[in-house]
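A quick write-up on the structure given underneath.
The chains referred to below are lettered A, B, ... by the order of the sequence lines, with proteins before strands, and numbering in each begins at 1. Basis for what follows: all heavy atoms, side chains included, without hydrogens, waters or symmetry-related copies.
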Amino acid sequence: MDYKQQIAETIYSVLNEHLTLEDIYLLLEKPKHAEHGDVAFPAFQLAKVFRKNPAHIAQELAEDISSPLISKKQVVGPYINFFLNKESVSQGVLSEVVAEKGNYGHLSIGNGGNVPIDMSSPNIAKPMSMGHLRSTVIGNALSHILEKVDFKPIRINHLGDWGTQFGKLITAYKKWGNEEAVRAEPIKELLALYVKFHEVAENDPTLEDDGRLWFKKLEDGNEEAVELWKWFREESLKEFKKVYDRLNISFDSLSGEAFYNDKMDQVVDLLNEKELLTMDRGAYIVDLEKYDLNPALIKKSDGATLYMTRDLAAALYRKKNYDFAQSLYVVGQEQSNHFKQLIAVLKELGLDWSDDVHHIPFGLITKDGKKLSTRKGKVVLLEDVLNEASAQALKQIEDKNPNLPDKERVAEQVGVGAVVFHDLKNDRLNNFDFTIEEVVQFEGETGPYVQYTRARAMSILNKAGVTTVESANSLALTDDYSWEVVKLLHDYPHTIRRAYENFEPSIIAKHAITLAQAFNRFYANVRVLDAHPEKEARLALVSAVTDILKEDLRILGVESPDEM
RNA sequence: GUUUCGGUAGCUCAGCUGGAUAGAGCAUUCGCCUUCUAAGCGAACGGUCGGGGGUUCGAAUCCCUCCCGAAACGCCA
């Protein structure tokens, strides 16, 4: 039930000769200040129509408008401010939330269409850094948002499991590596080898040649090379799984770059068929000048295929295999150009579904203002960050709630929650400079704040002897603190829609924080368990808030401990 | 140099399709635990919305221009 819509209809019944219903709906706004009511209609635009000053129009118009939904209207200058009927709105909103619980806010937009999401995509033999966290948690949150609007997400971990770096790695392993060390701590050891390769190669260029040679052997199916590659891949996946488990994330597909090795000739053939390939400086390219883009490189002058070729193969494969409604790529914004090219080439191929392919870019994480670089060993390891967060959460629990059962588990939920929430609370495209102090915070606009708010709400329900409220005789609430909460619950479907339309998890995170803040003010000012005519309705409000906060956090990929 | 993002309080950021006195959090100072978890609530402090033009009844928001920062810019992914 959309109350703004109802107000718009009421106004339309008086103004239908001058404005459309849609115009009116768009003009209606949410006042910034509570004394201006809940919905406001500015009369400026009518001034031209009626040739009168807007304040006068507002005055006259207000007299003609009435609805049981409006408890009070006030004309302030050119504005008509409407105050909604709190009893009936809270009754309506709460009965809906209490009945639907976490399902509240589900929208039928996607008709069950498939949406593959290219996300996470760490490189084999390299540790997951804070940079991978972004793609992983944004992709995961988007998958939940898509589900919420009736799409079927398909989470694809497009692993970086192919490329010249494996030639380098094999070279380094054969020169300096040892099996036990790799087995004991695979990623750490492989990374050390990789870093050493680049250090030594600075003074010894022949090493690069060895690297290229070994990659060539790998491509040609040389047994030793393939065995090492497989082993590195396996050991790496085991390590990644540990992190994904902590983040509570799973994938529907692990088809990485190597998966498309045998599918790239078809792409080249297809481009040839459509006469899109041209030779330039010894390389095959697709000219994209009419899109104002650099040409897309399909084949290097040595005949090797490229990133673009592989991504084209992947795009075609996904369309064929999933018949997707949309196809998303959660990849850093530094690759925006690449995806523009990818989409342009698909368009050149005459594929009308190229419009359904979307790059979802996100900002860069830096450390001390500089880009992280695996090659130079300059990384912030995700695992270290999660460990630190979890440890600090445990310390906090020992300090504030030492009798809490299952402390380690809750500490993990809170610590990891803090890290994930921090990554999602701001606009995807914002860059940020990493500091552990900022990421691992438990106060203010943080994940733990939302979790804590919900835990306190749960505690009220426990003391009332219920776990949830299904229905109540009356759900009418009239105080200002409840009202702010009710309005935020009412906004929820709209929030979900905006998050979907912008592919923007931070909209959900903002809602969680705002709702938690409103609830905490309610908590500080309104007694729930005391005898009161509205006690039942208040309990329902508390129950509704626990469900929606939990749902917000679930969408973001953050757990909700009942106690903390 | 070209293109794309960004510049809002000391710091980190909100500000939905232009609207009424520009909002949070952190930090600093102060107040609130004999009542539902103080990871909380309240108050104070803090702003030429990068500069300058323009459109509009109205601009942080739209257009132009300049300044500053980041990223991308054919044989890496």
Of A/Trp162 and A/Asn520, the one whose closest nucleotide on RNA chain B sits nearer the 5' end is A/Asn520

Partner of B/U2 under the Watson-Crick or G-U wobble criteria, both distances under 3.5 Å, comes out as B/A72

Query raised in the report: Hey, is A/His33 stacking on B/A20? Ring centres under 5.5 Å, planes under 30°.
Result: no

Rounded distance in Å between the C1' positions of B/G42 and B/G51
39 Å

Q) Across the strands shown, which category fits A/Ile397 at heavy-atom distances under 4.0 angstrom: base, sugar-phosphate, nothing? A) base

Q. If you look at every strand shown and take non-hydrogen atoms under 4.0 Å, does A/Val331 touch a base, only sugar-phosphate, or nothing?
A. nothing

With C1' as the reference atom in both, quote the distance from B/A9 to B/G74 in angstrom, rounded to an integer.
46 Å

A/Phe442 CZ to B/A38 C1', in whole Å, measures 16 Å

Distance between C1' atoms of B/G50 and B/U61 (Å, rounded): 16 Å

The nucleotide from B/G40, B/C75, B/A20 with an atom nearest the side chain of A/Ala40 is B/A20

May I ask you to decide if the ring planes of A/Phe339 and A/His359 are parallel, tilted or perpendicular, using 30° and 60° as cut-offs? parallel

**Message:** Taking any heavy-atom pair under 4.0 Å as a contact, classify A/Arg281: base, sugar-phosphate, or nothing.
**Reply:** base

